[in-house]
Engineer: 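There's a structure below that I have some questions on.
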Amino acid sequence: MEQSRKHLEVSSSFFLVYVEVIILLSCFNLQGLNLLGLASPVAGGNETDQQALLQFKAKIIGDQLRSWNSSIHFCQWLGVTCGRKHQRVTRLELQFQKLSGSLSPYIGNLSFLRELNLSGNSFRNDIPQEIGGLRRLETLSLINNSLSGEIPSNLSACSKLTLVDMTGNQLTGEIPSTLGSLSNLKVLNLQNNSLRGSIPPSLGNLSSLEVLSLAINRLTGIIPEAFRQLTNLSDFSVAQNAISGIVPVAMFNLSNIRLFDIGQNKIQGTLHSDISITMPYVEFFSITGNQISGQIPLSISNASNLNVLHLADNKLSGNVPSLEKLNKLYKCALAINHLGHGEEGDLNFLCTLVNNTKLEFLYLIQNNFGGVFPECISNYSSTLLHLVIGENKISGRIPDGIGNLINLEFLAIAQNQLSGHIPFDIGRLQKLKIFSADNNFLSGIIPYSIGNLTMLTKLGLGVNNLQGNIPSSLGKCVNLLEINISYNNLNGSIPPEVLELSSLSIELDLSSNYLTGQLPVEVEKLKNLGYLDVSQNKLSGLLPNNLGSCVSMEKLLLDGNLFEGSIPSSLSSLRGLEALDVSNNNLSGGVPEFLVNFGALKYINLSFNNFEGVIPSGGVFKNATAVFVEGNNKLCGGIPELHLSRCNSKTSSKTSLRFKIVIV
C-alpha cells in the first residue's frame with residue numbers, strides 16, 4: 001500500500017512537471033514549438049506563404065536574401081513577420097536592403113499581409129496587379145525605387161489601406177480615380193514620378209486623408225473643387241506640375257493644414273487683401289512660381305505658427321502687411337513680384353520683423369520697393385543668414401549697423417539706388433560668402449576691413465563711384481572665386497596680393513577704372529582663372545611672359561591700356577582660350593602663329609596696335625567675323641575679307657627669316 005502511494009506521488013509529480021512544461025511552451029509562439037519538435041505539421045496556408053516568399057526571392061537579382069533558406073522557418077527570415085495564431089505572413093519589411101529586380105506577382109498570395117515596405121531599394125518594372133488581392137493590406141510603402149508603368153487600378157480593392165507611398169519612382173499614366181474609394185486612407189504620397197493627366201476629383205471623397213502629396217509630376221488640369229471636403233488634411237502639395245486654373249477659395253480655410261504647397265505650376269487667379277485665410281496651424285505656405293496676381297492677404301499675418309512663407313515669382317503688387325505676429329518665421333520669400341510703389345514707406349514691414357528671433361532668410365529681390373534702406377535692419381536677430389534685396393529702387397546708405405548681423409552669409413543689394421560709403425563695420429561679417437552691391441551709386445573707398453571676410457567667395461562692387469586704391473587686404477580672402485570691381489574710379493596699381501589668390505576661378509574683372517603700373521608678374525598664380533578683364537585702364541609696360549601660366553583662361557581682355565612690346569610666346573599654353581582682346585594698346589611685333597592652333601578661339605581683336613608682318617590664314621583667322629585687325633598699318637596678307645594689303649616678297653622673306661630664327 002505504501003509502495004502504491006509513493007508510486008502515485010511520483011506519477012503526480014511527473015504529471016505536474018509535464019503540465020508546467022506544456023504551459024511554459026505555450027508562452028512561446030509556434031516557432032518555438034517547431035524548434036522543439038512539438039508543433040503540428042505546416043498547414044496548407046503556410047505552404048502558400050512560403051512558396052510566395054520563395055517566388056518573391058526568385059525575382060531578386062543577387063544573393064541579398066541568402067538567409068531565406070530551409071535552415072530556419074520562413075517566419076524567421078529577414079524582414080518577415082508572422083501572426084502568432086496561424087503562422088501566416090503579416091508583415092514584409094525589406095526597406096533599404098539594396099534589393100534589385102522586379103516584384104513577383106506571387107506577392108498577391110500573401111493573403112494575411114497587412115504591411116508591405118520595400119522602400120529604398122532598386123525594384124524596377126511594373127507593380128503587379130496581384131497586389132490588389134491583398135484585402136488585409138493597410139500599409140504599402142514603395143518609396144525610392146525604379147518602378148515604372150501605371151498604378152494598379154484594382155488597388156482600390158485593398159479597402160483597409162491607410163497609407164500608400166510610392167514617392168520617387170518612374171510611374172506613368174494617370175492617377176486611378178478608383179483610389180477615391182479607399183475610405184480609410186490617411187496618407188497618399190505619389191510625388192516625384194512621371195504621372196500625367198488631371199487630378200481625379202474622387203480624391204475629394206477621402207474624408208480621412210491627412211497627407212496628400214502629388215508634387216513633382218506632370219499633372220495638368222485644375223485643383224478639384226471637391227478638395228474643400230478634405231477637412232482632416234494637414235499636408236497638401238501639388239508643387240512642380242503643370243496645374244492651371246484657380247485655387248478653390250475654400251481650401252484656404254482647411255483649418256488643420258500645416259503644409260500648403262502649390263508652387264511651380266501655372267495657377268492663376270487674384271488674391272485680395274481682405275480674403276480670409278484661416279489656417280491657424282500652417283507652418284509652410286507656398287504659392288511660389290505661378291501667375292497669381294493681386295495683393296498679399298492681411299489675414300496671412302495671423303498665421304502665428306508660420307515657418308516658411310513663399311510668395312515669390314508671381315504677379316503680386318501693393319504693400320506687404322505687418323509680419324509682427326509671425327514670430328516663428330525663418331524664411332520669407334517675396335522675390336520676383338511687383339510689390340511696393342517705388343516710394344518711401346514700402347519697406348515699413350521690415351521693421352515689424354525686428355523682434356523675430358528665428359528669421360534666417362529674407363528674399364525681396366526683383367520688386368518695386370522704394371524708400372531708404374531701413375536702419376532697423378541693424379537690429380535684426382543675429383540668426384539672419386541671407387539678406388537679398390537687390391533689383392529694387394531702394395535708396396539711402398547701407399546702415400552702419402549692418403555689422404551687427406554677424407552670421408550673415410549672403411548680402412545682395414545690387415541694382416538699387418544706394419549711395420554713400422561702404423560701412424567699415426562690413427568687416428565684422430566674417431561668415432559672409434557673397435557680397436553683391438553692383439550697380440548702385442556707392443562712393444568712397446573700399447574699406448580695408450574687407451580683408452576680414454575670409455570666407456568670401458564672391459565680391460561684386462562693379463558699376464559704382466568707388467575711389468582710391470584696391471585694398472591689398474583682399475589678398476586675405478583666400479576663398480574668393482570671383483571679383484568684379486569694374487566701372488568705378490579706382491586708381492593706383494593692381495595689388496600683387498590680389499593676383500596671388502589662386503582660389504580665383506570664375507572671374508577677375510578690374511576693367512574701366514584708372515589703374516596704373518604694370519600687370520604684376522604674380523598673375524602667374526591665377527592658374528585656375530577662366531576670365532581676366534583689366535581692359536580700359538592705364539596699365540603699361542610689357543605683358544608678363546608668365547601670363548602663359550594661366551592655363552585655365554578662356555577670356556583674356558587687355559584692351560584699352562598702354563601695353564607695349566610683343567605678345568609673349570608663353571601664351572601658346574592657353575589652348576582653351578575662347579576670346580582674346582588686346583586692341584587699343586601699343587603692342588608690336590608679329591601676330592603669333594600659335595594662335596592658329598587654338599581650336600576654341602572664337603574672337604580675337606588686335607586692332608589699333610603696331611603689329612606687322614603676315615597675318616596667319618588658318619584657324620580662327622579664316623573667319624572674318626571673328627577677327628579684328630584694323631589700325632595696324634604694317635600687317636598684310638590674310639583672307640581677302642580682312643581687306644589687308646598683299647605682302648611683298650621683302651615682307652614675306654623678313655617674316656620667313658624671323659620665324660626661321662625663332663625655330664632655330
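None of these values were measured; they are calculated from a predicted model.
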Engineer: For the residue pair N305 and P280, establish whether any side-chain heavy-atom pair is separated by less than 4.5 Å.
Structural biologist: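 Side-chain contact under 4.5 Å: no.
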Engineer: Between D425 (side chain) and G403 (backbone), is there a donor-acceptor pair under 3.5 Å?
Structural biologist: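 Absent.
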Engineer: Test your reading of the model: is there a side-chain donor-acceptor pair from S395 to the backbone of Q417, 3.5 Å cut-off?
Structural biologist: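 Between the backbone of Q417 and the side chain of S395 there is no qualifying donor-acceptor contact (under 3.5 Å).
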Engineer: So, taking the atom named CD in Q295 and the one named NE2 in H272, what distance separates them when rounded to the nearest 0.5 Å?
Structural biologist: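 Those atoms lie 9.0 Å apart.
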Engineer: Provide the closest heavy-atom pair for H386 versus L408 in the form atom of the first, atom of the second, distance.
Structural biologist: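 Distance-wise, the nearest heavy atoms are N-CD1, 4.0 Å.
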Engineer: Only one of F410, Y330, F361 passes side-chain contact (heavy atoms from CB on, under 4.5 Å) with L385; say which it is.
Structural biologist: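 Passing option: F361.
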Engineer: If you define the side chain from C-beta out and look only at heavy atoms, does anything of L259 sit under 4.5 Å from D261?
Structural biologist: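 In contact.
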Engineer: In Å and rounded to the nearest 0.5 Å, what is the NZ to CZ distance from K160 to R136?
Structural biologist: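 The distance works out to 6.5 Å.
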Engineer: Quick one: does L459's side chain get under 4.5 Å of N484's, heavy atoms only?
Structural biologist: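 A side-chain contact under 4.5 Å is absent here.
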Engineer: Answer yes or no: is there a side-chain heavy-atom contact under 4.5 Å between K325 and S301?
Structural biologist: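 No; the side chains remain at least 4.5 Å from each other.
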Engineer: Do we see a donor-acceptor contact under 3.5 Å between the side chains of N307 and K328?
Structural biologist: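 Checked: N307/K328 side chains show no N/O donor-acceptor pair below 3.5 Å.
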Engineer: Please determine, by modelled atom types, if E138 and T162 share a side-chain donor-acceptor pair under 3.5 angstrom.
Structural biologist: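 Distance-only check fails for E138 and T162.
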Engineer: With a 4.5 Å limit on heavy-atom distance, are the side chains of L306 and V282 in contact?
Structural biologist: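 They are in contact (side-chain heavy atoms under 4.5 Å apart), so the answer is yes.
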Engineer: So if I apply the side-chain contact (heavy atoms from CB on, under 4.5 Å) rule between L142 and each of N117, L118, L171, which one comes out positive?
Structural biologist: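 Of the listed residues N117, L118, L171, the side-chain contact (heavy atoms from CB on, under 4.5 Å) partner of L142 is L118.
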Engineer: Donor-acceptor pair, N256 side chain versus T231 backbone, under 3.5 Å?
Structural biologist: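 Pair found, side chain donor or acceptor close to backbone of T231.
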Engineer: Apply side-chain contact (heavy atoms from CB on, under 4.5 Å) to I267 and I287, showing your working.
Structural biologist: CA-CA 9 Å; I267 295 170; I287 60 171; over 6 Å; no
Engineer: Check for a donor-acceptor pair, side chain of T288 on one end and backbone N or O of A312 on the other, with a separation under 3.5 Å.
Structural biologist: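 Confirmed, T288 side chain pairs with A312 backbone.
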Engineer: Nearest 0.5 Å, what's the CD1-CG distance between I426 and L411?
Structural biologist: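 Interatomic distance, I426 CD1 to L411 CG, rounded to 0.5 Å: 5.5 Å.
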Engineer: Mind listing the closest non-hydrogen atom pair of L103 and L147 along with its distance?
Structural biologist: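 Minimum heavy-atom separation between L103 and L147: CD1-CD2, 4.2 Å.
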Engineer: Evaluate the side-chain contact (heavy atoms from CB on, under 4.5 Å) criterion for residues T178 and L155: first the C-alpha distance (whole Å), next the side-chain angles of each, then the deciding distance (0.1 Å), finally the verdict.
Structural biologist: CA-CA 8 Å; T178 53; L155 199 61; over 6 Å; no
Engineer: Please walk me through it: do F349 and F369 pass ring pair (Phe, Tyr, Trp, His ring centres under 6.0 Å)?
Structural biologist: CA-CA 11 Å; F349 73 95; F369 292 121; 5.7 Å; yes
Engineer: Just by distance, do the side chain of N314 and the backbone of N290 share a donor-acceptor pair under 3.5 Å?
Structural biologist: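 Present.
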Engineer: Spell out, as yes or no, whether a donor-acceptor pair under 3.5 Å connects the side chain of N241 to the backbone of N265.
Structural biologist: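 No, the answer is negative, given that no donor and acceptor are paired below the 3.5 Å cut-off.
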Engineer: Can you confirm whether the side chains of T270 and S293 place a donor and an acceptor under 3.5 Å from each other?
Structural biologist: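 Note: T270 and S293 side chains meet the donor-acceptor criterion.
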Engineer: Under the side-chain hydrogen bond (donor to acceptor under 3.5 Å, both in side chains) rule, what do E360 and T383 come out as? Steps first, then yes or no, please.
Structural biologist: CA-CA 6 Å; E360 295 182 14; T383 56; over 6 Å; no
Engineer: State yes or no: are the ring centers of F252 and F260 separated by less than 6.0 Å?
Structural biologist: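 Yes, the ring centres sit under 6.0 Å apart.
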Engineer: Got a donor-acceptor contact below 3.5 angstrom from the S449 side chain to the F424 backbone?
Structural biologist: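 Checking the backbone N and O of F424 against the side chain of S449, a donor-acceptor pair under 3.5 Å is found.
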Engineer: Does any N or O in the side chain of S381 come within less than 3.5 Å of the main-chain N or O of K358, such that one atom is a donor and the other an acceptor?
Structural biologist: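 Judged by distance alone, no pair lies under 3.5 Å.
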Engineer: What do the steps show when you test L65 against W77 for side-chain contact (heavy atoms from CB on, under 4.5 Å), and what is the final call?
Structural biologist: CA-CA 9 Å; L65 296 182; W77 289 353; over 6 Å; no
Engineer: Is the closest side-chain donor-acceptor distance between T167 and N189 under 3.5 Å?
Structural biologist: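 Judged by distance alone, the side chains do pair up.
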Engineer: Please determine whether side-chain hydrogen bond (donor to acceptor under 3.5 Å, both in side chains) holds for the pair N404 and S378, giving the CA-CA distance in whole Å, both sets of side-chain angles, and the decisive distance to 0.1 Å.
Structural biologist: CA-CA 6 Å; N404 295 336; S378 305; 5.0 Å; no
Engineer: Evaluate side-chain contact (heavy atoms from CB on, under 4.5 Å) for L163 paired with L140, printing each intermediate quantity in order.
Structural biologist: CA-CA 6 Å; L163 180 146; L140 175 60; 5.8 Å; no
Engineer: Could you tell me the separation between the OG atom of S119 and the CD atom of Q97, rounded to the nearest 0.5 Å?
Structural biologist: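 The CD atom of Q97 is 11.5 Å from OG of S119, to the nearest 0.5 Å.
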Engineer: Which pair of non-hydrogen atoms, one from K98 and one from Q64, has the smallest distance, and what is that distance?
Structural biologist: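 Scanning both residues, the minimum pair turns out to be O-NE2, 3.2 Å.
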Engineer: L461 and A437: which non-hydrogen atoms are nearest, and at how many Å?
Structural biologist: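 Looks like CD2-CB, 3.9 Å.
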Engineer: Among D346, N368, N367, find the one that has a side chain to side chain donor-acceptor pair (under 3.5 Å) with K393.
Structural biologist: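 The passing option is N368.
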Engineer: Using atom types as modelled and distance alone, determine if a side-chain donor or acceptor of N217 lies under 3.5 Å from a backbone N or O of N193.
Structural biologist: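 Answer holds: yes.
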Engineer: Does a sphere of radius 6.0 Å around CG in N232 hold more than 12 heavy atoms from other residues, nucleotides or ligands, not counting ones at 6.0 Å or beyond?
Structural biologist: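 Yes, CG of N232 has more than 12 neighbouring heavy atoms, counting only those of other groups under 6.0 Å.
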Engineer: Determine the minimum heavy-atom distance between I199 and P224, stating which atoms define it.
Structural biologist: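 Scanning both residues, the minimum pair turns out to be O-CG, 3.6 Å.
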Engineer: Determine yes or no for a side-chain-to-main-chain donor-acceptor pair under 3.5 angstrom, with N145 supplying the side chain and I143 the backbone.
Structural biologist: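 Yes, because the side chain of N145 sits within donor-acceptor range (under 3.5 Å) of the backbone of I143.
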Engineer: Nearest 0.5 Å please: distance from the CD1 atom of I389 over to the CD atom of Q366.
Structural biologist: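 Rounded to the nearest 0.5 Å, the CD1-CD separation comes out at 14.0 Å.
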Engineer: Looking at side-chain heavy atoms only, is the closest gap between M455 and Q430 below 4.5 Å?
Structural biologist: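 Of all side-chain heavy-atom pairs linking Q430 with M455, none is under 4.5 Å.
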Engineer: Just wondering, more than 12 heavy atoms not from L78 lying within 6.0 Å of its CG?
Structural biologist: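 It does: L78 CG has more than 12 such atoms within range.
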Engineer: From E409 CD over to L387 CG, what is the distance, rounded to the nearest 0.5 angstrom?
Structural biologist: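 Separation between the atoms: 12.5 Å.
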Engineer: Within the 4.5 Å heavy-atom criterion, are V89 and C75 side-chain neighbours or not?
Structural biologist: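 Counting from C-beta outward, V89 and C75 never come under 4.5 Å.
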Engineer: With the side chain counted from C-beta on, respond yes when N109 and D49 share a heavy-atom pair under 4.5 Å apart, and no when they do not.
Structural biologist: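 Heavy-atom side-chain distance check fails, nothing below 4.5 Å.
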Engineer: Give the minimum heavy-atom separation between L384 and L405, together with the two atoms involved.
Structural biologist: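 Heavy atoms only, the tightest pair is CD2-CD1, 4.0 Å.
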